[in-house]
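Here the structure is laid out as structure tokens; the discussion comes afterwards.
Treat the numbers as computed from the prediction; the structure is a model and nothing was measured.
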Amino acid sequence: MFASQIDTKKYKNICLIDTNSKIGQKIKVSGGAKCNITNEFISKNSYLGDTDFAQNILEQFTKDDLIAFLGKNRVFVNLKENLVKGAYFCKSSQEVIDMFSLLTTKVKKFLDTKVLDISYKNGFKIETNKGLIEAKKVVIASGGLSFATLGASSIAFDTAQKFGHTINTLTPALVGFTVQKEQFWFKDLSGLSLDVNIFVENKKIEGSLLFAHKGFSGPAVLTSSLYWKKGKIKIDFLPKDKLENFYKSNKKISTVLPLPKRFLEEFLNSINLEDKAISTLNEEEKTRLNLLKAYEFAPAGNFGYTKAEVTKGGIFTDEINQISFESLKQKDLYFIGECLDLTGELGGFNFQMVFAQAFLCAKSLNSI
């Protein structure tokens with residue numbers, strides 16, 4: 001989504017360019033169409049990228065500021081923590097889209113319009129599939145490479161590079177993992193969900209894991225993918241219990257442990273351990289069973305951009321003005337949102353960041 005020629009006393013014309021036939025199509029699919037819009041526990045530590053840059057933004061437009069702004073526009077949020085701790089959801093994503101439709105009533109919209117190129121010579125020339133649009137100022141908020149079906153493209157990165165910006169490596173994020181041969185047993189558990197702890201790159205991620213046909217997904221996994229760097233991850237499949245508390249029982253492993261029997265049967269088979277009375281296990285067998293608490297392996301990869309909720313990497317934030325989001329390489333060119341090298345965890349963190357950036361960028365433009 002692009003906005004050019006900001007509405008100030010100096011510049012009265014605003015236009016919005018969107019590749020989709022309707023605005024807010026990525027908002028529409030977010031949070032299962034409920035729009036997970038912010039989080040009770042917003043902090044710089046929930047972002048990958050320059051955390052000082054993140055902190056500066058979050059201090060100037062807080063979670064409470066966003067909730068107040070939504071309420072003022074008759075969009076009310078509720079705390080729903082069944083999937084992610086601290087997550088706030090709207091009644092529906094359509095509410096948010098309707099809010100933006102109302103707020104942009106006077107804005108000239110170029111919908112179903114694809115931006116092909118942006119150049120600068122005595123002002124910006126925006127080449128689209130429907131003709132040329134000229135602008136004095138351009139704000140690029142076109143997202144990343146995720147959700148190509150919703151019009152995602154590389155235009156933000158192409159434009160940034162054209163004007164001299166550095167792009168950190170782009171990869172899918174908030175996405176499920178595929179597995180290597182040793183973990184093919186995951187696929188046999190497709191549809192089963194467990195609460196786990198995942199350890200990746202010195203981070204501990206708590207939440208649910210969902211076994212899938214391609215490997216594994218779920219809220220905890222999606223957040224883990226943000227930090228994963230093609231190395232090993234470790235999963236605690238029994239985060240609330242210690243195995244030592246069960247060793248005196250004469251019941252079978254699959255019966256005594258508080259995990260789905262279907263999961264335990266597959267797990268035990270994968271480590272070549274007989275499903276027998278847990279009290280009869282010798283020390284070597286206990287060591288193997290302890291993999292339930294520390295199952296370490298390297299995912300094969302991820303599900304790719306078609307399944308990823310966001311793109312991590314992007315335009316280096318030290319090349320962006322931290323107050324206005326104006327490019328430090330090209331005057332009157334602004335970048336906000338997913339195209340920047342700053343990505344949040346699952347649970348409303350990315351919406352909060354984008355709203356905050358949009359607020360600060362607009363505040364700066366309106367002060368011109």
Side-chain angles (χ1 to χ4, degrees), residues 1-8 10-11 13-18 23-24 26-27 37-38 42 44 46-63 65-66 69 100 103-104 107 115 118-120 123-124 126 135-145 152-168 170 310-344 349-368:
M1 191 178 294
F2 289 70
S4 63
Q5 295 185 324
I6 304 303
D7 189 13
T8 66
K10 190 174 181 181
Y11 306 117
N13 298 317
I14 306 173
C15 81
L16 180 71
I17 308 173
D18 198 317
I23 69 169
K26 193 167 183 181
I27 294 174
I37 205 157
T38 190
I42 292 286
K44 66 178 184 179
S46 297
Y47 294 88
L48 180 67
D50 186 338
T51 53
D52 289 335
F53 183 78
Q55 179 70 15
N56 177 62
I57 298 166
L58 297 171
E59 285 179 350
Q60 294 185 70
F61 191 82
T62 67
K63 171 262 298 181
D65 291 330
L66 176 53
F69 169 78
F100 281 123
L103 290 173
T104 59
V107 174
V115 174
I118 300 176
S119 58
Y120 184 86
F124 291 98
I126 305 171
K136 293 182 179 179
K137 296 180 182 290
V138 175
V139 178
I140 301 182
S142 55
L145 302 178
S153 75
S154 62
I155 188 63
F157 310 116
D158 296 340
T159 302
Q161 284 186 310
K162 183 173 183 176
F163 287 100
H165 282 277
T166 308
I167 308 296
N168 196 7
L170 305 173
V310 296
T311 302
K312 70 176 177 180
I315 304 165
F316 277 21
T317 51
D318 58 5
E319 298 173 355
I320 301 295
N321 184 296
Q322 296 191 22
I323 298 173
S324 67
F325 296 89
E326 184 177 14
S327 163
L328 298 180
K329 304 285 186 177
Q330 172 61 52
K331 182 176 171 54
D332 294 329
L333 178 63
Y334 302 76
F335 294 95
I336 61 173
E338 191 181 337
C339 63
L340 296 179
D341 185 20
L342 184 66
T343 312
F349 297 96
N350 287 298
F351 264 128
Q352 174 67 42
M353 181 58 69
V354 172
F355 266 97
Q357 291 175 8
F359 170 80
L360 295 174
C361 183
K363 182 180 178 181
S364 176
L365 288 165
N366 284 322
S367 68
I368 296 173

- Item | Side-chain donor/acceptor of Tyr47 to backbone N/O of Phe349, under 3.5 Å | yes

- Message: For a side chain to side chain contact (heavy atoms under 4.5 Å, CB included) check, start with the C-alpha distance between Val138 and Thr159, then their side-chain angles and the critical distance, and finish with the verdict.
- Response: CA-CA 11 Å; Val138 175; Thr159 302; over 6 Å; no

- Task: Spell out, as yes or no, whether a donor-acceptor pair under 3.5 Å connects the side chain of Asn350 to the backbone of Val310.
- Result: no

- Query: Would a distance-only check, ignoring hydrogens and angles, find a side-chain to backbone donor-acceptor pair under 3.5 Å from Glu326 to Lys331?
  - Reply: no

- Would you name the heavy atoms of Cys339 and Gly143 that are closest together and state the gap between them? CB-O, 3.8 Å

- Task: Specify the closest pair of heavy atoms between Ala160 and Ile167, including all atoms of both residues, with the distance to one decimal.
- Result: CB-CD1, 4.0 Å

- Below 4.5 Å, heavy atoms only, C-beta onward: do Ile57 and Leu360 meet side chain to side chain? yes

- Message: How long is the straight-line distance from CD1 of Ile17 back to OG of Ser142, given to the nearest 0.5 Å?
- Response: 10.5 Å

- For Lys329, the salt bridge (charged side-chain N to carboxylate O under 4.0 Å, His left out) test, sequence neighbours excluded, returns none

- Item | Interatomic distance, Ile140 atom CD1 to Tyr334 atom OH [nearest 0.5 angstrom] | 12.5 Å

- Task: Could you grab the distance from atom CG of Leu170 to atom CG of Leu145, nearest 0.5 Å is fine?
- Result: 5.5 Å

- Message: For the OG1 atom of Thr317 and the CG atom of Leu342, what is their distance to the nearest 0.5 Å?
- Response: 6.5 Å

- Gap between atom CD of Glu338 and atom CE of Met353 - 0.5 Å precision: 13.0 Å

- Can you find a pair of side-chain heavy atoms, one from Thr62 and one from Ile42, that are under 4.5 Å apart? no

- Gap separating the NE2 atom of His165 from the CG atom of Asp341, nearest 0.5 angstrom: 13.0 Å

- Any chance you could lay out the side chain to side chain contact (heavy atoms under 4.5 Å, CB included) test for Leu66 and Phe351, step after step, and finish with the verdict? CA-CA 10 Å; Leu66 176 53; Phe351 264 128; 5.7 Å; no

- Note on the structure: The salt bridge (charged side-chain N to carboxylate O under 4.0 Å, His left out) partners of Lys63 (sequence neighbours excluded) come to Glu40

- Residues Lys162 and Ser119: closest non-hydrogen pair is NZ-CB, 3.7 Å

- Item | Leu328 atom CG, over 12 foreign heavy atoms within 6.0 Å | yes

- Any side-chain heavy-atom pair of Phe124 and Gln330 under 4.5 Å: yes

- Is a side-chain donor or acceptor of Ser364 paired with a backbone partner of Cys361 at a separation under 3.5 angstrom? no

- Please answer whether the main-chain N or O of Gly337 pairs with a side-chain N or O of Gln357 as donor and acceptor at a distance below 3.5 Å. yes

- Run through Asn13, Ile23, Leu16 and flag the one making a side-chain contact (heavy atoms from CB on, under 4.5 Å) with Val107. Leu16

- Message: Using the rule given for side chain to side chain contact (heavy atoms under 4.5 Å, CB included), can you reason through Tyr120 versus Phe163, listing the C-alpha separation, both sets of side-chain angles and the distance that settles it, and then say yes or no?
- Response: CA-CA 9 Å; Tyr120 184 86; Phe163 287 100; 3.9 Å; yes

- Task: Would you please name every residue forming a ring-ring contact (aromatic ring centres under 6.0 Å, His included) with Phe100, sequence neighbours left out?
- Result: Phe355

- Stepwise side chain to side chain contact (heavy atoms under 4.5 Å, CB included) test for Leu340 and Phe325: CA-CA 10 Å; Leu340 296 179; Phe325 296 89; 4.2 Å; yes

- Heavy-atom nearest pair, Lys44 first then Leu58, reads N-CD1, 3.9 Å

